[in-house]
Amino acid sequence: QVQLVESGGGSVQAGGSMRLSCAASGYTYPYAHYYMGWFRQAPGKEREGVASIDTNGSTRYADSVKGRFTISKDNAKSTLYLQMNSLKPEDTAMYYCAADARWPIAALGLSARWYTYWGQGTQVTVSS
């Protein structure tokens, strides 16, 4: 059973930066075989895909974060990252990392339906 643990959340002023991490353990396949993503959910809103990375290192971003956020994956450390720059108050949300290995063709779809394993989330709050 894959376990994902996010860290790095907190409070920051608008325009600031933050880096989220997601440490994985208990995976059945080699970690490099998992595609992974970051999702977020603000109060009263649906969960939305923020960024994803496939097993080849290709990435995809939501339009709202393109050019500001960078997703990366360190296979040697079994860790996923999300570097967030130029943060805005509308980025305030609970951020979740997710992983799966069964539908690699859907890896860049930014849809939660293709992910089985989820972390418990880390809160990011951006003040104006």
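Bear in mind the structure is a predicted one, so any value in this text is a computation, not a measurement.
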Same apolar cluster: I53 and F39, side chain cutoff 4.5 Å: no
With a 4.5 Å cut-off on side-chain heavy-atom distances among I, L, V, M, F, W and Y, is there a chain of contacts connecting M84 to M36? yes
Sidechain-backbone polar pair: Y35 side chain, W103 backbone, donor-acceptor under 3.5 Å: yes
Linking I/L/V/M/F/W/Y whenever any side-chain heavy atoms sit under 4.5 Å apart, do W118 and V2 land together? no
Side-chain (W38) to main-chain (Y81) donor-acceptor, under 3.5 angstrom: yes
Under 4.0 Å between a side-chain nitrogen and a carboxylate oxygen: does that hold for D54 and R60? no
Pairwise side-chain contact, Y95 with L82, heavy-atom cut-off 4.5 Å (strictly under): yes
Indicate the atoms forming the closest heavy-atom contact of K45 with Q41, along with that distance. O-NE2, 3.1 Å
What's the separation between atom NZ in K73 and atom OH in Y31, rounded to the nearest 0.5 Å? 5.0 Å
Spatial distance of atom OG1 (T125) from atom CE (M94) [nearest 0.5 Å]: 9.0 Å
Are any of the side-chain heavy atoms of T70 and Y61 separated by less than 4.5 Å? yes
For residues N85 and S17, is any side-chain donor paired with an opposing acceptor at under 3.5 Å? yes
Here the gap from L20 atom CG to Y96 atom OH, rounded to the nearest 0.5 Å, amounts to 13.0 Å
Test side chain to side chain donor-acceptor pair (under 3.5 Å) on T116 and D100 and set out the steps. CA-CA 6 Å; T116 300; D100 212 308; 2.5 Å; yes
Heavy-atom side-chain contact between Q83 and F69 under 4.5 Å: no
Check whether any side-chain heavy atom of I71 sits under 4.5 Å from a side-chain heavy atom of L80, and report yes or no. yes
Going by heavy atoms in the side chains, are D91 and R40 under 4.5 Å from each other? yes
So how far is it from H33 NE2 to N75 CG, rounded to the nearest 0.5 Å? 9.0 Å
Drop me the distance from E90's CD to S128's OG, to the nearest 0.5 angstrom. 10.0 Å
Quick check against the 3.5 Å criterion: does S111 have a side-chain atom that pairs as donor or acceptor with the backbone of G109? no
Can any side-chain N or O of E6 pair as donor or acceptor with the backbone N or O of G121 at less than 3.5 Å? yes
Report yes or no: do Y29 and Y117 belong to one cluster of Ile/Leu/Val/Met/Phe/Trp/Tyr joined by side chain heavy-atom distances under 4.5 Å? yes
When rounded to the nearest 0.5 angstrom, what is the spacing between OG in S25 and CD in Q1? 10.0 Å
Close side-chain approach of Q120 and V5, heavy atoms under 4.5 Å: no
Hey, quick one: are L108 and Y115 part of the same hydrophobic cluster, counting side-chain heavy atoms closer than 4.5 Å, chains of contacts allowed? no
Quick one: does R68's side chain get under 4.5 Å of K88's, heavy atoms only? yes
